[in-house]
Amino acid sequence: MPINISVPFEQLADDIEQEVDRKYRAFWFTLYNNVNLLSPVRSGRYRSSHVMSMGEPSLSEHGTGFVSPPSGLPTMSIANNLPYSERIENGWSGQAPSGVYQNALNSALASFS
């Protein structure tokens, strides 16, 4: 005899959407924390200049972000507007010889896979 289970589809869809949104935001906060942890610190100016924005990307010059997030999720970006931030990302700093943003992204992706 078959078992009939009734699940309201709208409620299930809402639950899935909320879970995806929660994971997406958790990923971005993990990425932001990783960027701060991997930032070289001489005066602290570079570390304190990272900006996370939601919706429209910030007007900062350099950084990382998703151009096309999953449907319905806001575009988020992390950037730094200091003139030497691009040089740090390209290995100029002895404290971060392989950059900051790409390493932070790789670490965040690894923790969510």
Trainee: What's the spacing between N90 CG and S85 OG if we round to 0.5 Å?
Mentor: 9.5 Å

Trainee: State, yes or no, whether a side-chain contact exists between R45 and Y84 at a heavy-atom distance under 4.5 Å.
Mentor: yes

Trainee: Sequence neighbours left out, what passes ring pair (Phe, Tyr, Trp, His ring centres under 6.0 Å) with F29? Give chain and number order.
Mentor: none

Trainee: I need the N80 CG to E86 CD distance, nearest 0.5 Å.
Mentor: 11.5 Å

Trainee: Does one side chain, of S49 or N81, offer a donor that lies under 3.5 Å from an acceptor on the other?
Mentor: no

Trainee: Can you list every pair that meets side-chain hydrogen bond (donor to acceptor under 3.5 Å, both in side chains) and has a residue in residues 13-23, with sequence neighbours left out?
Mentor: Q11-D15, E19-R22, D21-R25

Trainee: Would you call F27 and L105 a side-chain contact if the rule is heavy atoms closer than 4.5 Å?
Mentor: yes

Trainee: Tell me every residue that passes side chain to side chain donor-acceptor pair (under 3.5 Å) with N36, counting only those two or more places apart in sequence or in another chain.
Mentor: none

Trainee: First locate atom CG of L82, then atom CD1 of I88, and finally report the distance between them rounded to the nearest 0.5 Å.
Mentor: 7.5 Å

Trainee: Rounded to the nearest 0.5 Å, what separates atom OG in S107 from atom CD in Q102?
Mentor: 11.5 Å

Trainee: Measuring from atom CH2 of W28 to atom CD1 of I78, what distance do you get when rounded to the nearest 0.5 angstrom?
Mentor: 5.0 Å

Trainee: T30: which residues meet the side chain to side chain contact (heavy atoms under 4.5 Å, CB included) condition with it, sequence neighbours left out?
Mentor: N34, A108, S111, F112

Trainee: Check A104 against L38 and note the closest heavy-atom contact, atom names and distance.
Mentor: N-CD1, 3.5 Å

Trainee: Can L37 be reached from V41 by stepping across I, L, V, M, F, W or Y side chains whose heavy atoms are under 4.5 Å apart?
Mentor: no

Trainee: So, using ring pair (Phe, Tyr, Trp, His ring centres under 6.0 Å) as the criterion, who are the partners of Y46 when residues are at least two apart?
Mentor: H50

Trainee: Apply side chain to side chain contact (heavy atoms under 4.5 Å, CB included) to R87 and list each qualifying residue two or more places apart in sequence or on a separate chain.
Mentor: W92

Trainee: Is a donor on one side and an acceptor on the other found under 3.5 Å between the side chain of Q95 and the backbone of S39?
Mentor: no

